[in-house]
Each structure stands twice: as structure tokens, then as C-alpha cells.
Amino acid sequence: MKFQTVCIVVIVTIGFAAGHDNTTFPDGFLLGAATASYQIEGGWNADGKGVNIWDTLTHERSIYVEDKYNGDLADDSYNLYMEDVKHLKNMGAQLYRFSISWARILPEGHDYKINEAGIDYYNRLINALLDNGIEPIVTIYHWDLPQKLQDLGGWPNIVLATYNENYARVLFKNFGDRVKLWITFNEPRTFMAAYASDTGMAPSINTPGIGDYLTSRTVLTAHANIYRMYEREFKQQQKGKIGISLWNVWCEPISTNQVDACERYQQFHLGLRAHPIFSESGNYPSVPVKRVDHNSRAEGLTSSRLPKITPEEVNCRTGTYDFLGFNFYTSNLGKRGVTGGIPSKGRDTGAILSQDAEWPESASSWLRVVPWALRKQLNWIANAYGNPPIFVTENGYSDYGGLNDTSRVLYYSEYMKEMLKAIHIDGVNVFGYTAWSLLDNFEWLAGYTERFGVCDVDFDDPNRPRIPKESAKVLTEIFNTRKIPERFLD
Ligand code: GBH
């Protein structure tokens, strides 16, 4: 504790010495916007693309999607990507985070059949970005698993780690000469939950407390193997950086005697993935292991539902990062208590969550506006993992649409202010930020009913015109001046 206090004081002094004020982005800080393939591309069966689990879910079980709609056309970025590049350029974005559709590159998931039209598409996009001075930051997997791999059981099947590594190699080979920032996975926490309920995200498989932990294991194996493979085969020549994007919701103790419930929540929802990669132990944090082992025994199981990490795996995993990607939107209130079926991760976690009715709402039931929580969460990460370089890969706000998005403008300015306090006052090592999202897009199970874009898209118009909202104009100002405008300072 003492040591930390000393560090913070030193950093503040350096900050002032260099002439920074707390509402200015540090030199070299990267600013841009983000999207994901299934949410924007469309072209679901164009030019040899294979079927993925979101095609299957939206076509066969559209009842799960709020407006029964799908990503068949979405923003049509498969054809209109130059429009996206134009808007990024107009905003002064330094970088663009997008994801690659696995089934567009490898229609069946395996690397024996490469779809050249898919390679061409991403080559055109990457080259257009670079021609306009925008750096690509590429997510290798943002939830659109090739259906053929789901047919083998999907992520709970450990063999997917190998197939995922083979897919990543195809990307490094084809795009690594120009792409220098890579993200292995977007939000394992979210897509592991897709194996814990049959009314949820694709593939919507009901194996709670088991399939979700197996998914988590496969992801950790794949991430580490991809990192090591890049080191062995590409890094020397391509000189890129690799991270993983983790999602978490801050947990604020509902009262001062409930701190342990929120700490446990952090360990289950963030620590289970972050600890093996970012801590020196290379292993799971101890609290979740003990609790899942205990519950497994109580349920009469001979082996724990949380598969152990072997000593060889520990060595391979720790330090497999150049940065920690972090997606952050909102906060919960937490207290001790048991919720969820037997077995389930919710039950294992032992925290009951709610939100404060005073926190301003968005169009998404889970998302309330709680800017200070970002600063607390960033500090939690910095303290837990030795202050690693953090890239905020997602942060954003949903409404029901419209160009005059005052609430989103406030959301961005308030969250950015808190992030800058974490950087300047607390010394947290955040080096980049991409706003979610560049465009209104297919918001998964919410379909097109919730809008996260800073550019409006008209989904009734087959030409999918994009129009910058008020928030895009404010981000333009922030990206260009590299500080929070005077009028948003209290
Ligand atoms: C991110 O997920 C995703 O990376 C991105 O693709 C997405 O568009 C963006 O956020 C906005 O949601 O319907 O009550 O079951 C953030 C985490 C996980 C939040 C799934 C919504 C579903 C809540 N998301 N969750 S619910």
C-alpha cells in the first residue's frame, strides 16, 4: 500500500512537470472508433463466405432477436467500406478497430480452403485505411464462429484452440505486413455465456457452469498459443503487438461491508481470463478455483467443472500480451448472495447485482451512465496486474436513434474525463481508446432497436446512408484538439 502511494505521488509530479493538464490526452495516445464484422458487413453469403453461428441463429431462431432481424445486409460495409473510411478520416481518427469474419476467410473454419475474395476484401479495407493515414487494429475473433466448427461442439471443444491458431496464422501471413495491432478475442466473458443458456447469444447452448468454463479454457489456450506462434513465426519481421479485449462491468459494493462480494465478482468475471495472462502466476486466481471446486463436490461431481491449468500451460501463458484491451460501459451495485441455477457461474460467483435507479439510463437495460466507475475499474486492473499497457477498445452509449444525440455526447465527454484522471492523477497506463461504435449497427439480440453509432445509418434505405451525429462532431473536435472541450469541464 505504502509503495503504491509513493508511486502515485511521483507520477503526478512528472505529469505536471511535462505541462499536462488532466483534460488533455498524453502525447502518443491513440484515438479512434470501433466496429465488428457481423454487426456491419452484411454480404453474409457473398463471394464464397461460409455460414457462421450468427447467420444460423438469426435465420433459424430469429425469435431470439428483438426485432427478428439479422445481419444479412447490416450496414453493407462489405460494399460500402470506403464510406466508413471516409467518415473515419473526416473525424480525424488515428485508428480503426474492426474484426475479421473467420468464415469469410475460411468458409469451413479450417485452413485448407482459403476464400481469396475474403482476403481481397480485407486487403482493400486495410489499404484504404493506410492510404488515409488511419492505422488498423484488428480483432481476430468477434463472435462469428464458422458453423462447421460449432458442429464439432464449438468453443467448449479444446480442439478449436488449434483451428483458431491456424486461422490466426492465415491472417498474420496475409495482413501482418500492414496490421501492427492485433486482438485475439473480443470479450470471452460474453461468448462463454453463449454456452450457458439456450435463449441467449449464438450458438445459444444450454450447458451452464460447464460449457462456459470449458469455453474459457479453450480461449486461454488459443490466446497463448497464438501469441507464442506470432513470436516464433512473425514478430521479428512484422513487429506487431498482440492483446486480448476483456469486458467487465464495475462492481460497486452496495454498502461498505460488501466489499468482498464485489472483489469476488471481479475475480470471476475479469480475473478468470486476466489472471492467467497478466499475472505472474500464469494461473487462475485462487478464489474462483476454490468456489467452483467446492460447489462441484457439493453437486456430487467427481471432478471440478473448472478445468485446471497444468504447470506446462502456466509457463506458456503468463506474459502472453503486449497490451490489455478493455471494453467498458457501465457499473453494477453488488452484495453477497446466491443466484442462478445449479450449476451455474452466477451461483459460483456468489454476488447479487443491481443498478442504482439514480444512474441515467440508455436504450440497453444493462447500460446506465456511471463515468466514475471507469476510473475505479482501470485502477483495479492496474493494481491487480502490475500496471500493464491498457487499450480501451470499446466504450459507448445506446439510444433509439437520431442525429441530435446529446446524451451520447455527455457520455463520451464524462467517461473520457474519468479515463484521463486515471492516466494523469492515478498513473494508470492507458495508451489508446476506440469509441463503440463508428456506425449504428446490428446490436446482437437487440437487433437494430438499440443504436450505438456516432454515425446514423438508415436501415430502411437499401443504400444504407451514413450521417454523422452530434457525437461524431464532438469526437472530431476531441480527436483534433486532443483535449476535452472547455464547455464540458465543470
Ligand atoms: C460489447 O459487448 C460488444 O463487444 C459489442 O459487439 C456490442 O455491440 C457492444 O458491447 C454494445 O453492447 O441482452 O441483457 O442479455 C458489451 C457486453 C454483453 C452487453 C451482452 C450486453 C447482453 C445483455 N454485452 N449483453 S442482455
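Indexing begins at 1, ligand by ligand and atom by atom, following the structure's order.
Looking only at side-chain heavy atoms (C-beta outward), Y38 and F442 come within less than 4.5 Å of each other. Considering only heavy atoms from C-beta on, E450 stays 4.5 Å or farther from E66 through its side chain.
Between F452 and W366, the angle of the ring planes stays under 30°, which puts this pair in the parallel group of the 30/60° scheme.
A side chain to side chain donor-acceptor pair (under 3.5 Å) with N395 is found for exactly one of Y433, Y412, W436, namely Y433. Among W54, F185, W444, the one residue that satisfies the ring pair (Phe, Tyr, Trp, His ring centres under 6.0 Å) test with W143 is W444.
Ion pairing between a basic and an acidic side chain is recognised when a charged N comes within 4.0 Å of a carboxylate O; E477 and K473 show no such pairing.
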I'd like the atom pairs linking ligand 1 to the protein - N or O on both sides, separation under 3.5 Å - with distances to 0.1 Å.
from     : atom 1 : to   : atom 2 : distance (Å)
ligand 1 : 2 (O)  : E187 : OE1    : 2.9
ligand 1 : 2 (O)  : E187 : OE2    : 3.1
ligand 1 : 4 (O)  : H142 : NE2    : 3.3
ligand 1 : 4 (O)  : N186 : ND2    : 2.9
ligand 1 : 4 (O)  : E187 : OE2    : 3.3
ligand 1 : 4 (O)  : E394 : OE1    : 3.0
ligand 1 : 4 (O)  : E394 : OE2    : 2.8
ligand 1 : 6 (O)  : Q39  : OE1    : 2.8
ligand 1 : 6 (O)  : H142 : NE2    : 2.9
ligand 1 : 6 (O)  : W444 : NE1    : 2.9
ligand 1 : 8 (O)  : Q39  : NE2    : 2.9
ligand 1 : 8 (O)  : W436 : NE1    : 3.2
ligand 1 : 8 (O)  : E443 : OE1    : 2.6
ligand 1 : 10 (O) : Y329 : OH     : 3.1
ligand 1 : 10 (O) : E394 : OE1    : 3.2
ligand 1 : 12 (O) : E443 : OE2    : 2.6

